[in-house]
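Read the structure below first, then the notes.
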Amino acid sequence: MKHNDTTIFSSYERNPSLYDEIFDKNGNVQKTYETLFDLYGKHTIEDYVNLNSKAKASFFNQGITFQVYNEKTTQEKIFPFDLFPRIIHPEEWDIIERGAIQRSKALNLFLWDIYHEKKIIRQGIIPMELISSSANYLHQMINIDPPGGIYNHISGTDIIKHNDGAYYVLEDNIRCPSGVSYVICNRTALKRALFGVFNHYQTYSVTNYAENLLDLLETTKPKGVDIPNCVVITPGMYNSAFYEHSYLAKTMGVELVEGRDLFVENDFVYMKTIHGPQKVDVIYRRIDDLFLDPLEFRADSALGVPGLFAAYKKGNVTLANAPGTGVADDKAVYTYMPEIIKYYLNEEPILNNVHTYHCSRPDELNYVLENIDKLVIKPVDEAGGYGISIGNRLTKKEIEEVKEQVKENPRKYVAQPIMSLSVHPTYIEDNESFEQRHVDLRTFTVLGKDKEFVLKGGLTRVALQKGNLIVNSSQGGGSKDTWVLKK
């Protein structure tokens, strides 16, 4: 493949040991990408710098930002966005979508079971200790039947393409998976900057997420409610995902509220309005479990609503996702996903798990301690890429420190082989050139009562630092628009 020296791909270097989604092993552009490659290849670097600045301005003007927390400060940043999209074939998407639904359904049945009869534990498939020691297992949820029988209304499944060309699930996120607003904004920004490219491909829309989310949330309304009143509850404007909370409320056409806007009377939830109190039936919550209700959980929480959990227990309000779902996205539970799928659905897993070592098992702990340099060590209950150690990046001193951490609390850690995530050409602003960067995909699955929906696209996250495997925005990652082609 010859590149013209002035074009944006002229300096693109391929590392043949990595799985490049655009180029085959011989360096030829994959058929799916040929048209796109030609369209982008007509731009000079100068054109592209201008287009990129336009896209950044569009994000800035819409307030599409997120917060990065560190020890000293909180910084608000524009979400880094790459204008060169990722394309997924209909056949590949079919596997991803069916696999995401399968996992979401199995996790929902698992949650029902561990808060009710605990059959999977009694039959010795999963040890009780694993559940009871999870920081996210809420004893307050035992024997509570969530409206519609749904715990994980919204699930985010993090999927990678390995250098063997197969898809693997890295983790399941079912507490408060975030990022869907960026999927929609990425599409809008790309259409504004390069509208013409969409004329050459038949891609699924991603702008139908909010209406599907609202529709499915309404199916899990409390008994006796005809037309449910839904709201989105946020911790407030200083939360890292506040942009997303406000965006989803606006696009669903529902109120965005904080804890202080709601109150509970006679075990029903009401919203304060200028026309007097208005009953609330479904709450899409972006507040962590322990802050939901100061009467039930953390007494010092100013974010929650006193009495909310009592209303929930009575079945008078739906909370999405249900409290206590975090026990199922514990990375130690992830290791049992193949068994969970077989047990509840009597099916083989559609998507592979990454082989995972459980540090709470003595023989696996020994293996991990002896092979840290070849493994990724992850805390089981952290999100956002925090606390992860990639063995081959550590100094000898750091390896010893990680060993001590793991030995101190083995239940808190799992380890996985260092997977070779696929790479995708990505525009690197500092060098004004396209370079290979690792990518993953977060899909968004919504479960309703007897209905489900997967957004045909999802968030392709990009590790912007060279060679980095951690794609989370909180760790300096960016994103791309993701096109699922129509058959």
Side-chain angles (χ1 to χ4, degrees), residues 63 138 140-141 143-154 175-176 178 181 209-239 241-325 446-449:
L138 289 187
Q140 290 95 332
M141 283 295 291
N143 292 327
I144 287 182
D145 301 354
I150 304 293
Y151 287 85
N152 52 322
H153 305 74
I154 301 116
R175 268 173 282 180
C176 286
S178 63
S181 58
Y209 179 78
E211 64 195 71
N212 279 284
L213 175 61
L214 184 61
D215 180 35
L216 271 73
L217 285 176
E218 286 178 345
T219 68
T220 65
K221 64 193 178 188
K223 284 193 180 82
V225 172
D226 286 337
I227 300 167
N229 184 24
C230 298
V231 298
V232 176
I233 191 169
T234 175
M237 62 186 289
Y238 297 108
N239 183 267
F242 180 72
Y243 170 76
E244 173 151 304
H245 308 164
S246 55
Y247 180 88
L248 287 172
K250 190 171 71 185
T251 49
M252 283 198 283
V254 305
E255 292 294 334
L256 178 69
V257 299
E258 292 181 31
R260 61 190 173 185
D261 301 319
L262 303 179
F263 68 94
V264 175
E265 199 170 279
N266 301 328
D267 292 330
F268 285 93
V269 182
Y270 296 91
M271 173 170 56
K272 300 169 189 169
T273 78
I274 51 169
H275 305 296
Q278 197 178 10
K279 188 163 147 302
V280 171
D281 307 297
V282 178
I283 299 175
Y284 174 23
R285 59 159 183 125
R286 299 298 291 256
I287 293 180
D288 292 343
D289 290 354
L290 298 183
F291 294 91
L292 277 172
D293 182 346
L295 301 182
E296 189 68 49
F297 304 110
R298 280 184 61 156
D300 62 345
S301 169
L303 301 175
V305 184
L308 177 61
F309 197 73
Y312 181 69
K313 276 199 290 200
K314 287 263 171 78
N316 293 336
V317 69
T318 298
L319 293 174
N321 286 351
T325 47
V446 187
L447 289 187
K449 195 179 175 186

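If you read the sequence from its start, that first residue is 1, and numbering goes on from there.
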Please check if the side chain of [X] supplies one atom and the backbone of [Y] the other of a donor-acceptor pair under 3.5 Å.
| X | Y | result |
| --- | --- | --- |
| Glu258 | Gly236 | no |
| Thr318 | Thr220 | yes |
| Asp293 | Gly307 | yes |
| Asp289 | Pro323 | no |
| Arg175 | Asn321 | no |

Non-hydrogen side-chain atoms of [X] and [Y] separated by less than 4.5 Å:
| X | Y | value |
| --- | --- | --- |
| Asn316 | Val269 | no |
| Ile283 | Leu262 | yes |
| Leu214 | Cys230 | yes |
| Val305 | Ile233 | yes |
| Leu295 | Pro306 | yes |
| Leu248 | Tyr209 | yes |
| Phe242 | Leu256 | yes |
| Leu308 | Leu319 | yes |

Got a sec: does the [atom1] of [X] have more than 12 other heavy atoms crowding it under 6.0 Å?
| X | atom1 | result |
| --- | --- | --- |
| Asn143 | CG | yes |
| Lys314 | NZ | no |
| Lys449 | NZ | no |

Decide yes or no on side chain to side chain contact (heavy atoms under 4.5 Å, CB included) for Val280 and Glu255, but give the supporting numbers first. CA-CA 10 Å; Val280 171; Glu255 292 294 334; over 6 Å; no
For the pair Tyr312 and Phe309, name the ring-plane relationship: parallel under 30°, tilted 30 to 60°, perpendicular over 60°.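 Tyr312 and Phe309: tilted rings.
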Check the angle between the aromatic planes of Tyr270 and Phe263 and answer parallel, tilted or perpendicular using the 30° and 60° thresholds.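 Answer is parallel, since the angle falls under 30°.
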Is there a side chain to side chain contact (heavy atoms under 4.5 Å, CB included) between Asn239 and Arg286? Walk through the geometry before answering. CA-CA 10 Å; Asn239 183 267; Arg286 299 298 291 256; over 6 Å; no
Please name all residues satisfying side chain to side chain donor-acceptor pair (under 3.5 Å) with His153, sequence neighbours left out, ordered by chain then number.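 Checked His153 against side chain to side chain donor-acceptor pair (under 3.5 Å); zero matches.
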Pairwise distance OG(Ser178) to NE2(His245) - rounded to 0.5 angstrom: 7.0 Å
Step by step, would you call Leu213 with Ile154 a side chain to side chain contact (heavy atoms under 4.5 Å, CB included)? CA-CA 8 Å; Leu213 175 61; Ile154 301 116; 3.7 Å; yes
